[in-house]
Amino acid sequence: MVRNPLSKSANKYLRKFRKWPHSPYKTSWHHNFGEQQAMLILKQATIQPQTQNNNNPFLLSTLIDSFKAYNTDPTPKAYFFLIKTLTNNTSQLHDIPHILNHLEHNEKFETPEVIFLYLIRFYGLSDRVQDAVDLFFRIPRFRCTPTVCSLNLLLSLLCRKRECLKMVPNILLKSQNMKIRLEESTFRVLVEALCRIKRVDYAIKIMNCMIEDGYGLDDKICSLIILSLCEQNNLTSAEALFVWGNMRKLGFCPGIMDCTNMIRFLVKEGKGKDALEILNQLKEDGIKPDIVCYTIVLSGIVKEGDYVKLDELFDEILVLGLIPDVYTYNVYINGLCKQNNFDEAMKIVVSMEKLGCKPNVVTYNTLLGALSMKEDLGKAKRVMKELKLKCVEPNLHTYRIMLDGLVGKCEIGEACILLEEMMEKCFYPRSSTFDSIILQMCQNGLITDSVVLMNKIVAKSFVPGVKVWEALLLNLGSKVTYSETTFVGLLSPK
DNA sequence: TGGCACGTAG
């Protein structure tokens, strides 16, 4: 339709139909210019020494006056700038209520919610939770309709502190009156808070409420509950599996991390077969488990001593094309060692190297531990040599395993050499091992050497056990071969 | 991406 240019509906703002021309002060360009100039004055005022004017804080007066000077109304942007400036200067914080009062009573515009989000966060993080709550309830008085963003922010701030949690139910109830519609994100905030304070039982109740109220099942909430559940110490594997099963019935599709968390928990609880079941569920859901998942399950199977399953599962890893890492090999080697199949374990070590997976100190500790149990000290010494040849750095466990092996076989001379090496690296033996060393030295008449050793270890702030003192005192009665001062020094360790 | 291995007394 072609509009008659002279009809009443013609656009009277077009220049040719306008009765009177716009005042040059009313153009958009001029308005923007005025606003920019007013903002410039305001910004300059923030870096000037300040004085009070008309009972208003200096910056508020500057804001009002500068916009007035340019015949423009103050903008939300200007107020936001002012509030940000005040929050960045602790000496001006007391001015914020004035600004808010002025904004509430003297302005007409709809205040953007972002200003309240900023201030609520500021109050919450400055331990002024009540101010944050009060401001949240006051938002409608600023001609602003609060959304779930403000509610979620306030809830998350309250949930940071255990003592503020009791305020949450009241806020939720009142937010209904403010016409704020709860969203999945709100429930997530609450579930996160409950999980953080280890009340997973309540978190599960919240999740159930969500579903009853017709909200969709939120995968993130489920994952969080599973993770928190698995971190609990007082939960049985049956209870965890019950929650897991219910979530799956409700339509939760666990991801690889959810399964890994669950598997880790079950293995820790000694439920290797249940862990394997979770792994199989993952496969049935069409997700290929990764090597970490398999490794944890393998370790559970080794714990249960199901070595047939161990071999099956290790083969499955290879069939699936997954590449075992040093963790996987270490678990498998541990399984072989537990079966006393030391030769096969060594073969795996050799093949690891060929496949470019370098055995590490844990690999060697596993072998050494197995040999130590078998009291095969000869082989243990060879493994220790190989470890050093391969430039693998022994750790505390390596030394303790080896030292226990030597002491167990009464090879006290070598034990002392190894102990010296340990002490140089600030590693110390188990108290019982040290007791045995001193006792054996005393039995072999090496009283002076044992005192020297005692001196060295005491100088390193290691406190020997009671048995050691007993042994020394008993031997001192008959064989005093060192000065009294040494003895006194020894009995009063630093 | 992360998450996985040895050991363990008090």
Side-chain angles (χ1 to χ4, degrees), chain A residues 219-220 223-224 226-231 254-272 275-276 278-279 282 287-304 310 313-314 316-317 320 322-339 342 345-346 348-349 352 357-374 380 383-384 386-387 390 392-405 407-408 422 427-436 462-468:
Chain A
D219 277 359
K220 280 185 186 167
S223 295
L224 187 61
I226 290 297
L227 176 65
S228 310
L229 204 67
C230 294
E231 283 172 351
I256 199 153
M257 276 314 286
D258 305 310
C259 287
T260 307
N261 290 332
M262 194 65 189
I263 286 170
R264 194 194 310 109
F265 172 79
L266 292 168
V267 167
K268 194 184 77 196
E269 294 293 307
K271 301 285 177 188
L276 182 61
I278 301 289
L279 183 95
L282 191 65
I287 302 172
K288 184 180 166 183
D290 62 12
I291 195 63
V292 177
C293 235
Y294 266 105
T295 303
I296 309 172
V297 176
L298 276 181
S299 71
I301 297 295
V302 170
K303 261 191 195 171
E304 285 196 342
L310 174 70
L313 214 56
F314 195 76
E316 190 176 304
I317 290 173
L320 280 176
L322 290 169
I323 299 167
D325 60 14
V326 69
Y327 293 87
T328 323
Y329 281 118
N330 286 345
V331 172
Y332 190 60
I333 287 168
N334 193 25
L336 291 169
C337 287
K338 290 239 161 77
Q339 298 170 74
F342 184 76
M346 279 309 287
I348 296 287
V349 175
M352 272 173 82
C357 180
K358 197 173 176 283
N360 64 12
V361 70
V362 178
T363 319
Y364 288 105
N365 286 352
T366 309
L367 296 171
L368 285 171
L371 292 168
S372 178
M373 289 279 281
K374 275 178 71 183
V383 170
M384 192 72 179
E386 191 186 321
L387 168 147
K390 295 273 163 67
V392 174
E393 192 63 34
N395 63 15
L396 176 66
H397 305 306
T398 324
Y399 283 114
R400 284 186 170 174
I401 295 166
M402 206 55 209
L403 196 65
D404 284 344
V407 173
M422 279 177 78
F427 290 147
Y428 300 100
R430 272 186 281 270
S431 189
S432 58
T433 311
F434 188 72
D435 289 354
S436 303
F462 178 89
V463 183
V466 179
K467 280 185 189 171
V468 173

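Here is the naming used below: chain letters follow the sequence lines, and residue numbers restart at 1 for every chain.
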* Asked: So how far is it from A/Y364 OH to A/N330 CG, rounded to the nearest 0.5 Å?
  -> 10.5 Å
* **Length of the line joining A/M384:CE and B/dC6:C1', which is rounded to integer Å** => 14 Å
* So does A/D290 reach the base of B/dG3 with its side chain, donor to acceptor, closer than 3.5 Å? -> yes
* Pairing residues for A/Y329 by the ring pair (Phe, Tyr, Trp, His ring centres under 6.0 Å) criterion, not counting sequence neighbours -> none
* **Rounded distance (Å) that lies between atom C1' of B/dG3 and atom CZ of A/F265** => 16 Å
* To do: Mind calculating the distance between CG (A/L336) and C1' (B/dA5) to the nearest angstrom?
  => 14 Å
* **Intermediate values then yes/no, side chain to side chain contact (heavy atoms under 4.5 Å, CB included), A/F427 and A/L403** => CA-CA 12 Å; A/F427 290 147; A/L403 196 65; over 6 Å; no
* To do: Drop me the distance from A/I317's CD1 to A/L313's CG, to the nearest 0.5 angstrom.
  => 5.5 Å
* Separation of atom CG in A/D325 from atom C1' in B/dG3, rounded to whole Å -> 11 Å
* With the side chain of A/T260 defined as its heavy atoms from C-beta on, choose the nearest nucleotide among B/dA5, B/dT8, B/dG3. => B/dG3
* Structure fact -> Between CE of A/M257 and C1' of B/dC4 the distance, given in whole Å, is 10 Å
* Look at the side-chain N and O atoms of A/N334 and state whether any lies under 4.0 Å from the OP1 or OP2 oxygen of B/dC6. => yes
* Would you indicate what A/N360 reaches in the nucleic acid, counting non-hydrogen atoms under 4.0 angstrom: base, sugar-phosphate, or nothing? => base
* To do: Spell out yes or no: do the side chain of A/N365 and the base of B/dA5 have one donor N/O and one acceptor N/O closer than 3.5 Å?
  => no
* To do: Would you mind reading off the distance between A/M352 atom CE and B/dC6 atom C1', rounded to a whole angstrom?
  => 13 Å
* When we call it a touch if two heavy atoms are under 4.0 Å apart, what does A/R264 touch: a base, just sugar-phosphate, or nothing? -> sugar-phosphate
* Asked: In whole angstroms, how far is the C1' atom of B/dA9 from the CG atom of A/L396?
  -> 12 Å
* Asked: Checking all strands, does A/T366 fall into the base, sugar-phosphate, or nothing category for heavy-atom contacts under 4.0 angstrom?
  -> sugar-phosphate
* Asked: What's the closest nucleotide to the A/R430 side chain, out of B/dT8, B/dG3, B/dA5?
  -> B/dT8
* To do: For A/I256, report the nucleic acid contact type (base, sugar-phosphate, nothing); a contact means any heavy atom under 4.0 Å.
  => base
* Between A/L224 (CG) and B/dG3 (P), how many Å, whole number? -> 17 Å
* **Residues in side-chain contact (heavy atoms from CB on, under 4.5 Å) contact with A/K288, at least two apart in sequence or another chain** => A/L320, A/L322
